[in-house]
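Worksheet: one structure, shown below.
For the single chain, residues carry numbers from 1 onward in sequence order.
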Amino acid sequence: MTSTPPFYSFVIPTRDRHDVLGPAIQTILAQTRDNFELVVMDNHSTPETRQVVDAFASPRIRYVRAPERLSMLDNWEFALDHVKGDYVHYLGDDDGMFPDSVEVATHLHREFPGLPLGWQSVHYFWPDFIVPSHRGLGQMRVGRVVEVRDSRWALTEAYSGRLHQAELPTLVFSFVPRATIEQARKKYGRYFWFRAPDVSSAIVNAINSDAYLYSYRPLGINGASRHSNGASHMYAHINDKAFKKWLAEAKIASAEEPLDGRLTGGFITEVAIVDELFWLQNKFKSEIGDIPVDMRDFLKWIVQAAPRYFARFDEVVAAVETMAKRNRVDMREIQIPAKVPPPEKQDFTFGTDHRTGTVSYSYYTNTDHVRTVADFAEEASRHCVPVGQLIIQDRRSEATTTRAPTLGARLRSLLGR
């Protein structure tokens with residue numbers, strides 16, 4: 001155990017989103033500990049981005065500007081050349097951190113040095129989000145258990161469709177040791193791969209770590225504003241402007257048809273994620289090995305997207321039926337959700353998970369007072385347990401004897417349904 005606190009690097013890759021960047025920076029500078037730096041990785045933006053950074057006049061911020069407009073993956077990769085921390089975390093320019101995230105991480109890494117630390121995030125939808133029914137919505141999942149997980153077990157569960165890729169040590173929802181990142185860059189020539197850096201980093205980190213920490217007590221906030229690429233894909237029938245821009249800059253002609261022949265319906269975000277996982281499994285086959293893929297559990301997860309794509313509901317179901325046939329999955333095992341129009345307002349939800357001490361609920365914030373992710377971070381942090389109340393459970397010995405619940409079962413448990 002070291003007497004010197006570990007040093008953390010936050011990285012915000014950004015491009016022409018100065019209207020949301022300021023509040024994201026604000027949540028990082030509000031940390032209760034000072035053993036951190038912030039690298040703002042500007043992907044050749046207009047001058048307003050630099051002006052937002054300079055306005056903070058903080059010695060903790062280092063501004064780096066790409067010499068030319070880069071693809072998302074190359075911009076994220078370029079940023080790695082400029083981090084100095086023992087642990088690294090990337091967040092979007094409309095995301096945020098809870099004020100004690102460094103304090104919690106420092107506490108855990110003193111006990112478990114060198115392990116990636118992932119967490120379940122809460123979600124905040126900015127008042128300008130593209131879906132009217134979600135504007136100002138907060139979705140909370142607040143637990144108190146921190147698990148020590150076997151990385152190989154987690155990989156197996158992810159490729160079996162039983163563990164969401166966000167529960168692997170992805171750089172977007174984790175503090176990852178810089179030594180692990182540099183080891184991967186030296187081994188593979190680069191760190192980020194294929195299309196989505198969050199998915200590829202999850203797989204690369206799991207391959208290169210024997211174990212990792214997973215906290216059900218959130219450290220970060222997954223924000224969604226009108227700029228969100230992921231939301232623009234998930235709700236392409238409402239507004240796909242940001243997603244189309246991302247496709248063009250990534251030089252991807254179309255995402256309608258997956259690369260993997262086991263899949264179809266590339267317009268479905270969940271299918272795109274599975275396609276990414278399969279590509280990475282093939283890319284790193286020598287290290288991942290022949291983990292059996294359970295398409296049944298993947299299809300159970302994918303079909304739950306149908307109500308979100310209400311205008312294309314029947315297409316989602318047809319795609320699932322086609323994939324079931326291709327992969328010899330009995331459709332009688334796949335529960336198709338009810339086809340009902342999306343509500344004008346989201347239902348209040350409440351659920352508990354006693355094993356992880358998690359309480360889940362959603363609510364609409366008062367947009368007169370909560371206008372940005374920084375406002376939400378200040379409000380929602382009061383709902384999180386302090387570091388002294390965390391419970392650590394080492395689950396590595398259970399890796400060969402337990403089976404994680406399906407993604408659908410986990411979701412129903414969290415929502416109390």
Beyond-backbone contact of [X] with [Y], side-chain heavy atoms, under 4.5 angstrom:
X: V172; Y: W76; result: yes
X: Y188; Y: K283; result: no
X: T264; Y: R326; result: yes
X: L168; Y: Y212; result: yes
X: R15; Y: R69; result: yes
X: S101; Y: Q31; result: yes
X: D95; Y: I221; result: no
X: Q139; Y: N222; result: no

**Study point:** A66: side chain to side chain contact (heavy atoms under 4.5 Å, CB included) partners, not counting sequence neighbours
**Key:**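 For A66, the residues satisfying side chain to side chain contact (heavy atoms under 4.5 Å, CB included) (neighbours in sequence not counted) are M41, N43, L70, N75.
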Rounded to the nearest 0.5 Å, how far apart are [atom1] of [X] and [atom2] of [Y]?
X: Q281; Y: L277; atom1: CD; atom2: CG; answer: 8.5 Å
X: T27; Y: L91; atom1: OG1; atom2: CG; answer: 6.5 Å
X: W119; Y: R141; atom1: CH2; atom2: CZ; answer: 13.5 Å
X: L80; Y: R190; atom1: CG; atom2: CZ; answer: 9.5 Å
X: I12; Y: M97; atom1: CD1; atom2: CE; answer: 10.0 Å
X: T46; Y: Q51; atom1: OG1; atom2: CD; answer: 8.0 Å

Would you confirm whether [X], through its side chain, and [Y], through its main-chain N or O, come within 3.5 Å as a donor-acceptor pair?
X: S9; Y: V88; result: no
X: T367; Y: V370; result: no
X: D330; Y: R332; result: yes
X: H134; Y: F125; result: no
X: R217; Y: L390; result: no
X: R65; Y: S45; result: yes
X: D375; Y: T372; result: yes

Would you say that more than 12 heavy atoms from the other residues, nucleotides or ligands in this model lie under 6.0 Å from the [atom1] of [X], or not?
X: E77; atom1: CD; value: yes
X: Q389; atom1: CD; value: yes
X: D210; atom1: CG; value: no

Does any donor atom in the side chain of [X] or [Y] lie under 3.5 Å from an acceptor atom in the other side chain?
X: E276; Y: S200; value: no
X: E103; Y: T32; value: yes
X: H227; Y: D16; value: no
X: T170; Y: S201; value: yes
X: Y191; Y: R185; value: no
X: T349; Y: S362; value: yes

Check your understanding: Given F350 and Y363, is the ring pair (Phe, Tyr, Trp, His ring centres under 6.0 Å) satisfied, shown in steps?
Key -> CA-CA 10 Å; F350 181 83; Y363 70 102; over 10 Å; no
Would you call the rings of [X] and [Y] parallel, tilted or perpendicular if under 30° counts as parallel and over 60° as perpendicular?
X: Y87; Y: H109; value: parallel
X: F278; Y: Y159; value: parallel
X: W301; Y: F298; value: tilted
X: F10; Y: F175; value: perpendicular
X: W126; Y: Y124; value: tilted

Review point. What are the two closest heavy atoms between H82 and F78, and how far apart are they?
Key: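 Shortest heavy-atom separation between H82 and F78 comes out as CD2-O, 3.2 Å.
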Exercise for review: Mind listing the closest non-hydrogen atom pair of S381 and P99 along with its distance?
Suggested key: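 Looking at all heavy atoms of both residues, the shortest contact is CB-CD, 3.7 Å.
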**Study point:** Ring centroid separation Y8 to F36 under 6.0 Å
**Key:**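 For Y8 and F36, the ring centres are not under 6.0 Å apart.
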Lys/Arg N to Asp/Glu carboxylate O, [X] vs [Y], below 4.0 Å:
X: R355; Y: E147; answer: yes
X: R17; Y: D42; answer: no
X: D294; Y: K300; answer: no
X: E287; Y: K187; answer: yes
X: K339; Y: D314; answer: yes
X: R396; Y: D150; answer: no
X: D290; Y: K285; answer: yes

Review point. In chain order, what residues pass the side chain to side chain donor-acceptor pair (under 3.5 Å) check against R371, with sequence neighbours excluded?
Key: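 For R371, no residue satisfies side chain to side chain donor-acceptor pair (under 3.5 Å) once neighbours in sequence are set aside.
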Exercise for review: Name all residues meeting the side chain to side chain donor-acceptor pair (under 3.5 Å) criterion together with R262; count only those two or more places apart in sequence or in a different chain, and write none if there are none.
Suggested key: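 Partners of R262 by the side chain to side chain donor-acceptor pair (under 3.5 Å) criterion, ordered by chain and then number, come out as D260.
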Point to revise | Audit row: I291, I288, side-chain contact (heavy atoms from CB on, under 4.5 Å) steps and yes/no | key: CA-CA 7 Å; I291 294 177; I288 294 177; 3.6 Å; yes
Practice item. Tell me, with the steps shown, if R152 and E157 meet salt bridge (charged side-chain N to carboxylate O under 4.0 Å, His left out). Key: CA-CA 9 Å; R152 184 67 188 179; E157 293 299 301; over 6 Å; no
Review point. Just checking, R135 and F129: is the charged tip under 6.0 Å from the six-membered ring centre and within 45° of the axis?
Key: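 Not satisfied by the 6.0 Å and 45° rule.
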Review point. Which residue, L299, D275, I302, V316, forms the side chain to side chain contact (heavy atoms under 4.5 Å, CB included) with E270?
Key: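 Single pass found, and it is I302.
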Review point. After noting the C-alpha distance and the side-chain angles of E37 and V39, does the key distance pass the side-chain contact (heavy atoms from CB on, under 4.5 Å) rule?
Key: CA-CA 7 Å; E37 66 169 0; V39 177; 4.0 Å; yes
**Study point:** With T14, the side-chain hydrogen bond (donor to acceptor under 3.5 Å, both in side chains) member among D93, D94, T49
**Key:**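 The passing option is D93.
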Practice item. Show your reasoning for whether side-chain hydrogen bond (donor to acceptor under 3.5 Å, both in side chains) applies to T269 and Y309. Key: CA-CA 10 Å; T269 299; Y309 291 94; 3.1 Å; yes
Point to revise | Stepwise side-chain hydrogen bond (donor to acceptor under 3.5 Å, both in side chains) check, S133 with E344 | key: CA-CA 5 Å; S133 64; E344 293 184 4; over 6 Å; no
